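One-based numbering, in listed order, for ligands and for the atoms of each. Quick caveat, the model's predicted, so the values are computed rather than measured.
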Amino acid sequence: MRSYTQFYIDGRWTSPVTPKTAEVINPATEEVSGEISLGSPADVDLAVAAARRAFATYGESSVKDRLDLLESIQAEYVRREAELGEAIMVEMGAPKGLANGFHTLLGKGHLGTAIEVLKEFKFEEQRGVTLIRKEPIGVCGLITPWNWPMNQTCVKIFPALAAGCTMILKPPQLAPYSAQILAEILDKAGVPAGVFNMIQGQGSVIGAALTRHEDVDMISFTGSEPVGVQIQKDAADTVKRVGLELGGKSAWIVLDDASLAANVAGATAGMMGNSGQTCSAGSRLLVPASRLDDVKRAAAEAANGVTVGDPQSDVAMGPVVSKSQYNIIQQYIEKGLEEGAELIAGGLGRPEGLDKGWYVKPTVFVGTNDMVIAREEIFGPVLVIIPYDDIDDAVRIANDSNFGLGGYVSGEDLDTCRAVSRRMRTGAIWVNGGFDFHAPFGGYKRSGNGREWGEFGFHEYLEVKSVIGWN
Ligand code: NDP
């Protein structure tokens with residue numbers, strides 16, 4: 001049993017002002033795996049005051065000092081990486097290969113990228129008589145979700161540290177352990193007191209207190225659209241900057257060519273990764289109507305081939321994060337059936353042989369873009385295949401969404417893939433796969449307004465000052 005009942009405030013492990021704890025449930029077993037403390041606005045006040053004090057010096061620290069700090073965190077992160085992987089597996093059910101692989105690698109990648117970017121970043125440039133300075137925005141509230149816990153926290157903390165900001169992290173209640181270990185890593189690496197603070201607790205209490213706080217300059221939020229809307233309203237009175245990274249319903253366009261079956265299989269298996277709990281997942285698979293039979297065969301085979309089970313074993317997919325997430329996904333599968341979508345793999349209930357734990361069957365529907373299952377973010381292993389008539393129709397369907405986070409184009413003709421990628425109204429598009437820590441990541445439309453990752457992630461945490469008459 002893990003017991004993480006202290007917060008990290010002003011460089012010390014600190015008990016909550018008002019003691020209150022909550023159990024953390026392992027989604028693979030439905031059993032209690034440990035406990036955390038739930039903070040109150042009084043804890044937030046202490047952390048914000050510490051961050052404000054620390055900003056006076058850290059905000060003016062040299063690039064060299066910040067690079068040394070990030071490099072010392074990097075050494076400590078690598079030392080604790082296996083513990084982070086184990087924590088992620090227990091808290092949100094990622095299979096061990098994924099938890100110890102891509103999950104922890106993403107955190108390490110954002111750290112390494114922040115170091116690379118900081119080495120080259122121009123905080124000052126002269127244009128004519130004016131000096132343009134990029135200065136740290138100040139005290140930042142970082143609010144993160146549970147689905148890729150290290151990715152979401154590290155993509156905020158390290159650019160913020162590199163920019164010279166101080167911060168308070170509010171990790172998700174559902175995945176609190178990895179954030180606690182990360183706080184230990186930062187402590188051990190010698191982050192100056194007050195620069196990084198962490199308070200566990202409810203979003204509606206801690207997240208809201210940070211968002212409304214007079215002395216917090218900026219909120220960076222990753223999570224659902226409704227909470228993002230609430231955060232923007234809560235931040236309005238203090239006119240603070242709000243960076244929003246919200247949900248998605250991303251389209252994956254498969255072109256009509258010889259690789260169609262392989263591309264459909266890849267897209268289907270990809271959708272089931274992390275149990276479908278990825279904001280940029282290609283949850284709408286757009287395929288040529290004339291090849292629908294081939295598509296159905298390839299997608300059903302790929303979905304049925306996804307191994308589901310105990311995250312401690314060698315499976316492709318573990319459970320979803322919680323009972324409530326399981327129930328929401330089941331309701332969407334029911335909705336798909338009611339709407340008349342054709343079920344070609346998976347369906348209601350747990351996979352055979354798994355009677356305990358929040359396991360969902362890798363599910364594939366063939367439907368239309370006006371169905372609820374094609375319009376709303378399900379955040380589970382449920383793929384909707386939507387046939388298109390021609391490329392124009394595919395682009396029209398892809399763009400007919402309230403969201404605009406990710407997008408995918410798979411096909412043999414790179415020129416066509418590129419042309420399609422230009423027409424899709426989303427923040428990031430993968431053409432035949434690929435991965436880049438320096439590529440800006442964020443959404444159009446209701447998928448948010450921020451851009452994280454690489455150099456773009458730095459700008460979230462910087463103010464721009466003009467000093468006119470410098471020259
Ligand atoms: P939520 O929006 O429910 O929660 C996200 C965080 O916000 C949690 O820490 C939560 O706290 C906190 N929170 C809840 N209410 C408030 C409030 N009123 N004020 C401030 N903070 C609050 O999202 P989920 O955790 O369920 O994550 C899934 C969502 O995140 C999906 O929609 C997904 O698409 C999106 N997402 C977006 C990404 C992107 O980069 N665009 C990446 C990954 C996920 P608590 O611990 O109490 O829940």
With a cut-off of 4.0 Å, which atoms of ligand 1 are near a heavy atom of [X]?
| X | result |
| --- | --- |
| Gln152 | 42 (C), 43 (C) |
| Gln202 | 47 (O) |
| Leu405 | 41 (N) |
| Asn147 | 43 (C), 44 (C) |

How many angstroms lie between atom [atom1] of [X] and atom [atom2] of [Y], to the nearest 0.5 angstrom?
| X | Y | atom1 | atom2 | value |
| --- | --- | --- | --- | --- |
| Tyr177 | Gln200 | OH | CD | 10.0 Å |
| Leu383 | Thr363 | CG | OG1 | 9.5 Å |
| Lys361 | Gln330 | NZ | CD | 8.5 Å |

Can you tell which of [options] gets a heavy atom nearest to [atom]?
| atom | options | answer |
| --- | --- | --- |
| atom 3 (O) of ligand 1 | Gly141, Ala175, Ser224 | Ser224 |
| atom 17 (C) of ligand 1 | Gly203, Pro171, Gly207 | Gly203 |
| atom 32 (O) of ligand 1 | Glu452, Glu377, Gln325 | Glu377 |

Report the part of [X] (side chain from C-beta onward, or backbone N, CA, C, O) that has a heavy atom under 4.0 Å from ligand 1; answer both or neither where that applies.
| X | result |
| --- | --- |
| Ile231 | side chain |
| Thr144 | backbone |
| Ile143 | side chain |

Before accepting this row, confirm whether a basic side-chain N of the pair Asp314/Lys96 lies closer than 4.0 Å to the acidic partner's carboxylate O. no

Between Glu452 and Lys156, is the closest basic N to carboxylate O distance under 4.0 Å?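 Salt bridge: yes.
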
Trp252 and Tyr388 aromatic centres sub-6.0 Å: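 So the answer is no for these two rings.
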
Once you measure the plane-to-plane angle for His459 and Phe121, does it fall in the parallel (<30°), tilted (30-60°) or perpendicular (>60°) bin?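 Rings of His459 and Phe121: tilted, as their planes differ by 30° to 60°.
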
Main-chain N/O of Gly97 paired to Asn100 side chain as donor or acceptor, under 3.5 Å: no

How about [X] and [Y]: do any of their side-chain heavy atoms sit closer than 4.5 Å?
| X | Y | answer |
| --- | --- | --- |
| Ser283 | Glu377 | no |
| Val315 | Asp310 | no |
| Ser250 | Thr426 | no |
| Arg80 | Glu184 | yes |

Please write down residue, atom name and distance for the protein heavy atom closest to [atom].
| atom | result |
| --- | --- |
| atom 39 (C) of ligand 1 | Cys279 SG, 3.3 Å |
| atom 37 (C) of ligand 1 | Leu246 O, 3.0 Å |
| atom 48 (O) of ligand 1 | Gln173 NE2, 4.5 Å |
| atom 11 (O) of ligand 1 | Lys170 NZ, 2.9 Å |
| atom 7 (O) of ligand 1 | Phe221 CE1, 3.1 Å |
| atom 27 (O) of ligand 1 | Pro145 CB, 3.3 Å |
| atom 40 (O) of ligand 1 | Phe441 CE2, 3.3 Å |
| atom 35 (C) of ligand 1 | Gly223 O, 3.1 Å |

Asp234 versus ligand 1: do any nitrogen or oxygen atoms come within less than 3.5 Å of each other?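 Not met; the criterion fails.
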
Look only at interatomic distance and state if Trp146 has a nitrogen or oxygen under 3.5 Å from any nitrogen or oxygen of ligand 1. yes

Residue-ligand contact [X]/ligand 1, heavy atom below 4.0 Å:
| X | value |
| --- | --- |
| Gly448 | no |
| Pro172 | yes |
| Trp148 | no |

Are there protein heavy-atom neighbours of atom 9 (O) of ligand 1 below 4.0 Å? yes

Tested for ring pair (Phe, Tyr, Trp, His ring centres under 6.0 Å) against His110, the lone hit among Trp453, Phe158, Phe458 is Trp453

Less than 6.0 angstrom from the centroid, inside 45 degrees of the normal: does Arg350 satisfy that with respect to the ring of Tyr326?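 So Arg350 does make the cation-pi contact.
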
